[in-house]
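What follows is a single structure, written as structure tokens, with notes after it.
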Amino acid sequence: MSKEKKKYKQNYNDTTLEMVVQLVKDGGISMRKAALAYGIPRSTIQDKVNGRTEIAARSGPKPVLSTTEESRIVEWCIEMAKIGYPRTRFELLHIVFGRRLQTKFRDNLRGKDWYYSLKSRHPEILERTCHDLGKERAMVSPFKIKKWFEDFSKYMAEEVEGGMDILKDPSRLYNADESGFPLCPKTSKVLKGH
């Protein structure tokens, strides 16, 4: 029967790890007891106490981008969505990483694994299905609608004989609905903030 290697799920943060390392360094607790008490692998504590790795070091390959760069990317995604230009995953990869960084990635672009890792590190970005909206409808605001009615009432009062009577006559009210025909029926998911 083969002995399986026990996998640890990290359920501690850097603050706890730093506190435990300091306790061990000060001689207040042994590495073995600290590992059992705080649920941190003994080898992790040992590496941090002996200075082989930093407190904030993570397993796996070294990140290509710094945390500052990643934060700027996330802010950019959220701001683009706020101003009405949300970006898709494909656009994010090509726009942000179109610069000439020499990386190990195929075609010098990150793939879906990097993208999903970014999303797990930054849960504030979400993927949502985009609804097609014409530029004219997207630009409408309550202020613009009110201004249009004010201008129209002024025009009817000044330029049309009996114009104000026409506006007050309920038999002259009509409801018109428009049919929308999307020119791009297949939409992909876009990135936005909470």
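Note that these values count all heavy atoms, side chains included, but never hydrogens, waters or copies made by symmetry. If you read the sequence from its start, that first residue is 1, and numbering goes on from there.
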Please determine whether the number of non-hydrogen atoms from other residues, nucleotides or ligands lying under 6.0 Å from atom CD of Glu150 exceeds 12. yes
Would you check if the side chain of Glu158 reaches a backbone N or O of Tyr155 as a donor-acceptor pair within less than 3.5 Å? no
Between Leu126 and Arg128 the two heavy atoms that sit nearest each other are CD1-NH2, 3.5 Å
I'd like to check the salt bridge (charged side-chain N to carboxylate O under 4.0 Å, His left out) partners of Arg121; sequence neighbours left out, ordered by chain and number. Glu70
If every non-hydrogen atom of Ser117 is compared with every non-hydrogen atom of Ser120, which pair is closest and at what distance? O-OG, 2.8 Å
If I take atom CG from residue Asp47 and atom CZ from residue Arg42, how far apart are they, to the nearest 0.5 angstrom? 10.0 Å
Evaluate the side-chain proximity of Val49 to Ile45: yes if any heavy-atom separation is below 4.5 Å, no if none is. yes
When hydrophobic residues are tied together by side-chain contacts of less than 4.5 Å, even through go-betweens, does Met80 share a cluster with Phe90? no
Residues passing the salt bridge (charged side-chain N to carboxylate O under 4.0 Å, His left out) test with Asp26, sequence neighbours excluded, are none
Quick one: NZ on Lys146 to OG on Ser141, what's the gap to the nearest 0.5 Å? 11.5 Å
I need the Tyr116 OH to Arg89 CZ distance, nearest 0.5 Å. 4.5 Å
Starting from Ile145, can I reach Phe152 by hopping between I/L/V/M/F/W/Y residues whose side chains sit under 4.5 Å apart? yes
Salt-bridge contact Arg72-Glu69 (side-chain N to carboxylate O under 4.0 Å): no
Distance-only donor-acceptor check, side chains Glu127 and Tyr115, under 3.5 Å: yes
Nearest 0.5 Å please: distance from the NZ atom of Lys82 over to the CD atom of Glu75. 9.5 Å
If two hydrophobic side chains count as joined below 4.5 Å and joins carry through other members, does Ile29 share a cluster with Met19? yes
Does the Asn50 side chain pair with the main chain of Gln46, one donor and one acceptor, at a distance under 3.5 Å? yes
Of all heavy-atom pairs between Met164 and Ser153, which one has the smallest distance, and what is that distance? SD-O, 3.9 Å
Is there side-chain contact between Tyr38 and Leu23, with heavy atoms separated by less than 4.5 Å? yes
On a heavy-atom basis, which atom in His122 and which in Val74 lie closest, and how many Å separate them? CG-CG2, 3.5 Å
Spacing of CD1 belonging to Ile125 relative to CG belonging to Leu92, to within rounding of 0.5 Å: 7.0 Å
For Pro41 and Ala35 the tightest heavy-atom approach is C-CB, 4.3 Å
With rounding to the nearest 0.5 angstrom, report the OG1 to CD1 distance, Thr16 to Ile40. 6.5 Å
